[in-house]
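FYI, side chains are in, hydrogens and waters are out, and symmetry mates aren't considered; it's all heavy atoms of this structure. In what follows, chains are A, B, ... by sequence order, proteins preceding strands, each numbered from 1.
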Amino acid sequence: MIKVLIADDQAMVRQGFGALLAAQPDLLVVGDAADGAQAVAAARRLDPDVVLMDVRMPVMDGLEATRKLLGDRSAQRPRVLILTTFDLDDYVYEALRAGASGFLLKDAPAADLVQAVRVVAEQTVKTHVGRILAKLGLRDRAQAVVLAYETGLVAAGE
Amino acid sequence: MARLAAGSARSLPVVNRQPIAVALRALRHTLLGPDAPVERPLLARWPTLAPYGAPVGLLAVLGLFLITLTVESEWGLSLPVAVLFAAMTVAPLLALPRRPLLAWRLTVLALLICTFNAPADRSWPWTPPLALGSVAVVAVVVARVDRPVLLWVVTITTVPVLTLVHPDNRVPVLLLLGALAIVGDLIRRNQTSRRALAAQTELSEREQERRAVLEERTRIARELHDVVAHHMSLIAVQAETAPYRLTDVPAPATAEFVAIAASARDALTDMRRLLGVLRSEATGAQTAPQPGLGDLDAMVEAARRAGLPVTLDAGPVQDGRVPAPVGLAAYRIVQEGLANAARHAAGAAVRVTVRADPSRLGVRVENSPADAGPSADGGPGHGLTGMRERATSLGGTFTAGPLPDGGYAVAAELPYEAESGDA
């Protein structure tokens, strides 16, 4: 069972995604949060495998909450899947830098959302990729993308 | 700078190849060309004196005319000739304020002609008013013409000096002429560079203003986009997840929900393309939700903490019933109004009023008269423009202006159709 926490300030999104994910046999929605601070507290309490994290939230935004969650070395760190309402470009880099494992538009089709949660949770990283990541001190492929950008290995638009 | 240097380097040889043509053109201009434009009316710096300038000047000219007439008559000229010479003596002074070059031409004529019957024992061929007036005219004209013309002016002025002035007095007169020419040239160059600087400053200010307006307009469009995209995204989520949230949804309804979600996604895709244009300026990501009426309290409180004596008078407003774009516009208008009050009326009491009825929202920010004049006036600014654009883009009205008591008020009326409340 994959344990999922949903953080979004819109009740409709929490209920909708909650119902959608709960309907999957291999997913379990363990809780939800209406802002970033609640999300951090809930994640520490409920120990989810995946946190669906909205970007725009009151009190503490999703990027900050992601940083808090993933910067915490002592606790079991969940995977964070960023949800955005708007165009991806603004947040992708920022979110991945913060350590998020992926990002998704909120209006993505239900199947895509479910698939994204599974992929992030299962960590279907092939062994040799895993070894490269370990050498570079990176956690997953998303971080490898960040490193590639930062070192100039690839440039946006290529 | 590099381009400027290259340009002058290119143009120099041309000048050198045609020195005679340039000199002849300057001579032509000196004798027949248009006058230097008047940059600024005399006395513009002292507006209270300006109304008296013309009458006082005319009286002075009349006095000079009478003095000259007396002197010329004493020198034995017949009355008509004396009147003519006196008129020629003062005519340049009349022309001087607006047509300095013309005044100089008249002066040279007068210097050449008005020498009849000067007593042989006198060292100066001209009447004192003519001599002194000539100095004044030359002093002004040398500061108004460019260098080639200036050289001609000086050269031509030496003609009557060399031909008519007593040899003992020639050197001092020529020295005076030379000194005037140098000072005039310096003044003119100073003025030219100052004017160029002022023009550039104005240009960059206008450019800045234009950019500020564009930026504000982009911000408004982006915010409106965000509000709409937010709702559209909710529609997609709601439709997409409806079959999971509701039990016993028949298959046709499920298909319908899927279609609605797809339409919402298409709309969002189009809007994102639009947003790409709007966000092309590096504005950074917005990670806080768009503010609305519910955030007014916090903003006013923050302004109060910042030292602005502001009171908020918000009637019973149900935030949920006011559409987000209207709430956002109201918030931004109040925000800009408070900023304006802080900028232009430091220390003045500010009152924010928000009134909602079922179909329109009224927002008003007014401040009492400033304690000590307007401070740091930022010109017309784009604040008011932005507020007006926000109001009119929603079909509302916007007014701004001073109050009878010396204060200032901005007010907006924003019409809307009440939302169901659970959005």
Practice task
Mind ranking A:Ala11, A:Ala23, A:Pro109, A:Gly18 by heavy-atom pairs under 4.5 Å with chain B and telling me who comes out on top?
Solution key: A:Pro109
Exercise for the section: Enumerate by number any residue of residues 243-260 of chain B whose heavy atoms lie under 4.5 Å from heavy atoms of chain A; in the absence of such residues, state 'none'. Expected result: B:Tyr244, B:Arg245
Practice task
In plain terms, say whether A:Arg118 and A:Asp26 are close enough for a salt bridge, that is, a side-chain N and a carboxylate O under 4.0 Å apart.
Solution key: yes
Exercise for the section: Check for a donor-acceptor pair, side chain of A:Asp8 on one end and backbone N or O of A:Arg14 on the other, with a separation under 3.5 Å. Expected result: no
Exercise for the section: Kindly say whether B:Asp297 contributes a backbone atom to a donor-acceptor pair with the side chain of B:Glu301 at under 3.5 angstrom? Expected result: no
Exercise for the section: Might you work through the side-chain contact (heavy atoms from CB on, under 4.5 Å) test for B:Leu234 and A:Gln10, ending with a clear yes or no? Expected result: CA-CA 8 Å; B:Leu234 277 186; A:Gln10 295 288 316; 3.2 Å; yes
Practice task
Count the heavy-atom pairs under 4.5 Å between each of A:Met60, A:Glu64, A:Met12 and chain B, then report the option with the highest count.
Solution key: A:Met12
Handout entry: A:Ala108 portion near chain B, given a 4.5 angstrom heavy-atom threshold
Key = backbone
Problem - B:Arg364 with B:Glu366: basic N within carboxylate O range, under 4.0 Å - result: yes
Exercise for the section: Heavy-atom distances under 4.5 Å only: say whether B:Ala229 touches chain A with side chain, backbone, both or neither. Expected result: both
Problem - side-chain contact (heavy atoms from CB on, under 4.5 Å) between B:Glu240 and B:Arg265, intermediate numbers included - result: CA-CA 10 Å; B:Glu240 190 74 39; B:Arg265 263 196 294 278; 3.1 Å; yes
Problem - Donor + acceptor pair across side chains of B:Arg332, B:Gln335 (<3.5 Å) - result: yes
Problem - Heavy-atom proximity to chain B below 4.5 Å, by part of A:Asp54 - result: neither
Fill in the blank from the handout: Value for CZ (B:Arg390) from OG1 (B:Thr392), rounded to nearest 0.5 Å, stands at 11.0 Å
